[in-house]
S.K.: 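This is the structure, below, for whatever I ask next.
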Amino acid sequence: MRKLSFIFGVAIIATVIFSSCSKDDANPPLDNASVVINGVKWATRNVDAPGTFAAAPESAGMFYQWNRKIGWSATDPMINSNGDTVWDSSTSGDSWEKTNDPCPQGWRLPTLDELNKLLDTDKVKHEWVVQNGVYGEKFTDKNTGNTLFLPAAGTRASSNGTLDIVGIYGFYFSSTQFGNMDAYILAFYNNSALSTYGNRLSGRSIRAVAE
């Protein structure tokens with residue numbers, strides 16, 4: 001009986017430790033999941049399913065349409081975080097409402113101003129790199145040496161959700177709208193990176209900033 005109790009106790013401890021590690025890997029604590037680049041605190045991983053971070057800095061996470069709290073797979077087959085497969089090409093409002101922000105607690109979508117701080121070449125260097133086999137853009141704070149990697153996850157087309165240009169382009173939404181159908185985004189390809197605008201109904205990556 002004593003031996004059985006000991007084995008049972010060890011099993012419980014192992015289960016608790018494994019569960020804690022798994023949870024931390026998927027949703028790392030705020031102090032271990034951020035890096036400051038030019039005064040802005042960025043998450044080190046893309047947003048995955050609503051309220052969670054991707055498993056690693058190189059992971060694509062999920063794609064989001066603007067002002068929708070529904071993630072779409074970054075690989076095919078196409079499926080969203082609710083288990084649906086029908087792409088929504090209807091309009092999605094004129095502002096990204098807080099209730100539709102898919103970032104984990106304590107995080108939010110970046111603004112256009114915050115994207116532009118990342119692109120300030122006087123203070124931040126950016127370069128096209130391959131990190132652990134994944135193509136993307138690395139941003140380095142010239143003052144501190146802090147780095148931020150954004151994978152070139154591609155996009156899903158606004159009309160039907162078709163997956164495209166994976167590993168070639170990266171597109172990251174801001175919370176700032178542009179006109180009636182577009183929003184400002186961070187776009188990069190090779191060593192070119194800029195803030196521009198694109199269709200709100202396209203599926204794009206999200207990299208959060210601290211609230």
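Because only heavy atoms are used, hydrogens play no part in the values below, and waters and symmetry mates are left out as well, while side chains stay in. What you are looking at is a predicted structure, and each value in this text was computed from that prediction instead of being measured.
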S.K.: By salt bridge (charged side-chain N to carboxylate O under 4.0 Å, His left out), which residues pair with Glu137, not counting sequence neighbours?
M.R.: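 Once residues adjacent in sequence are excluded, Glu137 has no partner under the salt bridge (charged side-chain N to carboxylate O under 4.0 Å, His left out) criterion.
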S.K.: Checking side-chain polar atoms at under 3.5 Å, does Asp164 have a donor or acceptor matched by the opposite partner on Tyr169?
M.R.: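 Looking only at side-chain atoms, Tyr169 and Asp164 do not form any donor-acceptor pair under 3.5 Å.
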S.K.: Is Asp120 reaching over with its side chain to a backbone N or O of Val124, donor-acceptor style, under 3.5 angstrom?
M.R.: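 Not a single qualifying donor-acceptor pair exists.
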S.K.: Without hydrogens or angle criteria, can the side chains of Ser195 and Asn116 be said to hold a donor-acceptor pair below 3.5 Å?
M.R.: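 The answer is yes; a qualifying pair exists.
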S.K.: Applying a strict under-4.5 Å side-chain criterion to I, L, V, M, F, W and Y, I'd like to know whether Val47 and Trp107 cluster together.
M.R.: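 Different clusters.
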S.K.: So which atom in Pro57 and which in Pro151 form the shortest heavy-atom distance, rounded to 0.1 Å?
M.R.: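 Result for this residue pair: O-CD, 3.6 Å.
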S.K.: For Lys142 versus Thr121, what's the shortest heavy-atom pair and its separation?
M.R.: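 In this case the closest contact between Lys142 and Thr121 is NZ-O, 2.5 Å.
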S.K.: Quick check: is Leu163 connected to Met62 through a chain of hydrophobic side chains (ILVMFWY, heavy atoms under 4.5 Å apart)?
M.R.: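 No.
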S.K.: May I ask whether Ile206 and Phe171 are part of the same hydrophobic cluster, defined by side-chain heavy atoms of I, L, V, M, F, W, Y residues being less than 4.5 angstrom apart, directly or through others?
M.R.: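 Same hydrophobic cluster.
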S.K.: Quick one: does NZ or CZ of Arg204 land under 6.0 Å from the six-membered ring centre of Phe173, within 45 degrees of the ring axis?
M.R.: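 Yes, Arg204 sits over the ring of Phe173.
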S.K.: Distance-only, no hydrogens or angles: does the Ser73 side chain make a donor-acceptor pair with backbone N or O of Thr75 under 3.5 Å?
M.R.: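 Yes; judged by distance alone, with no hydrogens or angles, the pair exists.
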S.K.: Which is it for Thr85 and Met78 under the side-chain contact (heavy atoms from CB on, under 4.5 Å) test, yes or no, and what are the steps along the way?
M.R.: CA-CA 6 Å; Thr85 58; Met78 185 177 76; 5.5 Å; no
S.K.: Could you tell me whether the side chain of Phe53 reaches within less than 4.5 Å of the side chain of Ser59, counting heavy atoms only?
M.R.: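 The answer is no, as the side chains (C-beta and beyond) never meet within the 4.5 Å cut-off.
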S.K.: Got a donor-acceptor contact below 3.5 angstrom from the Trp87 side chain to the Ser158 backbone?
M.R.: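 Side chain of Trp87 to backbone of Ser158, a donor-acceptor pair under 3.5 Å: yes, one is there.
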S.K.: Between side-chain atoms of residues 178-194 and protein atoms elsewhere (two or more places apart, or another chain), which donor-acceptor pairs fall under 3.5 Å?
M.R.:
residue : atom : partner : partner atom : Å
Asp182  : OD1  : Asn199  : N            : 3.3
Asn191  : OD1  : Trp128  : N            : 2.7

S.K.: Roughly how far, to the nearest 0.5 Å, is NZ of Lys138 from NE2 of His126?
M.R.: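 Here the interatomic distance stands at 13.0 Å.
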S.K.: Which atom names give the shortest non-hydrogen contact between Leu201 and Ser89, and what distance separates them?
M.R.: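 In terms of heavy atoms, the two residues are closest at CD1-O, 3.2 Å.
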S.K.: What pairs of donor and acceptor atoms, side-chain ones from residues 96-104 against any protein atom, are under 3.5 angstrom apart with sequence neighbours left out?
M.R.:
residue : atom : partner : partner atom : Å
Trp96   : NE1  : Asn100  : O            : 2.9
Lys98   : NZ   : Glu211  : OE2          : 2.3
Asn100  : ND2  : Asn67   : O            : 3.3
Asn100  : ND2  : Asn67   : OD1          : 3.0
Asp101  : OD1  : Cys103  : N            : 2.9
Asp101  : OD2  : Leu109  : N            : 3.4

S.K.: For Ala60 and Ser205, work out which heavy atoms get closest and say how close.
M.R.: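 The pair with the smallest heavy-atom distance is O-OG, 4.5 Å.
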S.K.: What verdict does the side-chain contact (heavy atoms from CB on, under 4.5 Å) test give for Val36 and Thr144, after you've listed the backbone C-alpha separation in whole Å, the side-chain angles of each residue and the deciding distance to 0.1 Å?
M.R.: CA-CA 9 Å; Val36 176; Thr144 65; over 6 Å; no
S.K.: Please step through side-chain contact (heavy atoms from CB on, under 4.5 Å) for the pair Thr155 and Ile165, ending with a clear verdict.
M.R.: CA-CA 7 Å; Thr155 186; Ile165 53 181; 4.1 Å; yes
S.K.: Give a yes or no on whether the backbone of Asn143 and the side-chain of Asp141 come within a donor-acceptor separation of less than 3.5 Å.
M.R.: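 It does hold such a pair.
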S.K.: Would you say that more than 12 heavy atoms from the other residues, nucleotides or ligands in this model lie under 6.0 Å from the NZ of Lys125, or not?
M.R.: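 Result for NZ/Lys125: open.
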S.K.: Measure across Trp72 and Asp84 and return the closest heavy-atom pair with its distance rounded to 0.1 Å.
M.R.: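 Closest approach of Trp72 to Asp84: CZ3-O, 3.9 Å.
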S.K.: Taking atom OH as the centre, does Tyr172 end up with more than 12 heavy-atom neighbours from other residues, nucleotides or ligands that are less than 6.0 angstrom away?
M.R.: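 Atom OH in Tyr172 is crowded, with more than 12 foreign heavy atoms closer than 6.0 Å.
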S.K.: Taking the six-membered ring where the residue is Trp, are the ring centres of Phe139 and Trp42 under 6.0 Å apart?
M.R.: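 Ring centres of Trp42 and Phe139 not closer than 6.0 Å.
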S.K.: Does the Asn38 side chain pair with the main chain of Leu118, one donor and one acceptor, at a distance under 3.5 Å?
M.R.: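 No.
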S.K.: For the pair Arg207 (side chain) and Pro110 (backbone), establish whether a donor and an acceptor sit closer than 3.5 Å, ignoring hydrogens and angles.
M.R.: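 No, the answer is negative, given that no donor and acceptor are paired below the 3.5 Å cut-off.
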S.K.: Distance only, no hydrogens: is a donor on one side chain within 3.5 Å (strictly under) of an acceptor on the other, for Asp113 and Thr111?
M.R.: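 Checked: Asp113/Thr111 side chains show no N/O donor-acceptor pair below 3.5 Å.
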S.K.: Who else is in the cluster with Val129 when I, L, V, M, F, W and Y are joined by side-chain contacts under 4.5 Å?
M.R.: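 Its cluster mates, by chain and number, are Val134, Phe149.
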S.K.: Rounded to the nearest 0.5 Å, what separates atom CG in Leu119 from atom CD in Glu114?
M.R.: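 The CG atom of Leu119 sits 12.5 Å away from the CD atom of Glu114.
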S.K.: When rounded to the nearest 0.5 angstrom, what is the spacing between CG in Asn80 and CD in Gln65?
M.R.: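 Nearest 0.5 Å value for the CG-CD distance: 9.0 Å.
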S.K.: Counting only N and O atoms by type, is there a donor-acceptor contact under 3.5 Å from the side chain of Arg108 to the main-chain atoms of Ala208?
M.R.: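 The answer is no, because no donor-acceptor pair under 3.5 Å joins these two groups.
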S.K.: Under the salt bridge (charged side-chain N to carboxylate O under 4.0 Å, His left out) rule, what do Arg68 and Asp88 come out as? Steps first, then yes or no, please.
M.R.: CA-CA 10 Å; Arg68 292 205 171 108; Asp88 188 350; 3.3 Å; yes
S.K.: I'd like to know if the side chain of Ser92 and the backbone of Trp66 have a donor-acceptor N/O pair within less than 3.5 Å.
M.R.: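 Pair found, side chain donor or acceptor close to backbone of Trp66.
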S.K.: Taking Thr176 for its side chain and Leu112 for its backbone only, find out whether a donor-acceptor pair lies under 3.5 Å.
M.R.: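 Such a contact is found between Thr176 side chain and Leu112 backbone.
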S.K.: Got a sec, which residues hit salt bridge (charged side-chain N to carboxylate O under 4.0 Å, His left out) with Arg156, two or more places apart in sequence or on another chain?
M.R.: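 For Arg156 the salt bridge (charged side-chain N to carboxylate O under 4.0 Å, His left out) partners, ignoring immediate neighbours, are Asp76.
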S.K.: Are any side-chain N or O atoms of Ser81 and backbone N or O atoms of Gly71, one a donor and one an acceptor, separated by less than 3.5 Å?
M.R.: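 Here the side-chain-to-backbone pair exists.
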S.K.: For Phe63, which residues count as a ring pair (Phe, Tyr, Trp, His ring centres under 6.0 Å) partner, sequence neighbours excluded?
M.R.: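 Phe63 satisfies ring pair (Phe, Tyr, Trp, His ring centres under 6.0 Å) with no other residue.
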S.K.: Could you go through Ile70 and Asn82, starting from their C-alpha distance and side-chain angles, then the distance that decides it, and tell me whether this counts as side-chain contact (heavy atoms from CB on, under 4.5 Å)?
M.R.: CA-CA 7 Å; Ile70 298 173; Asn82 292 333; 3.8 Å; yes
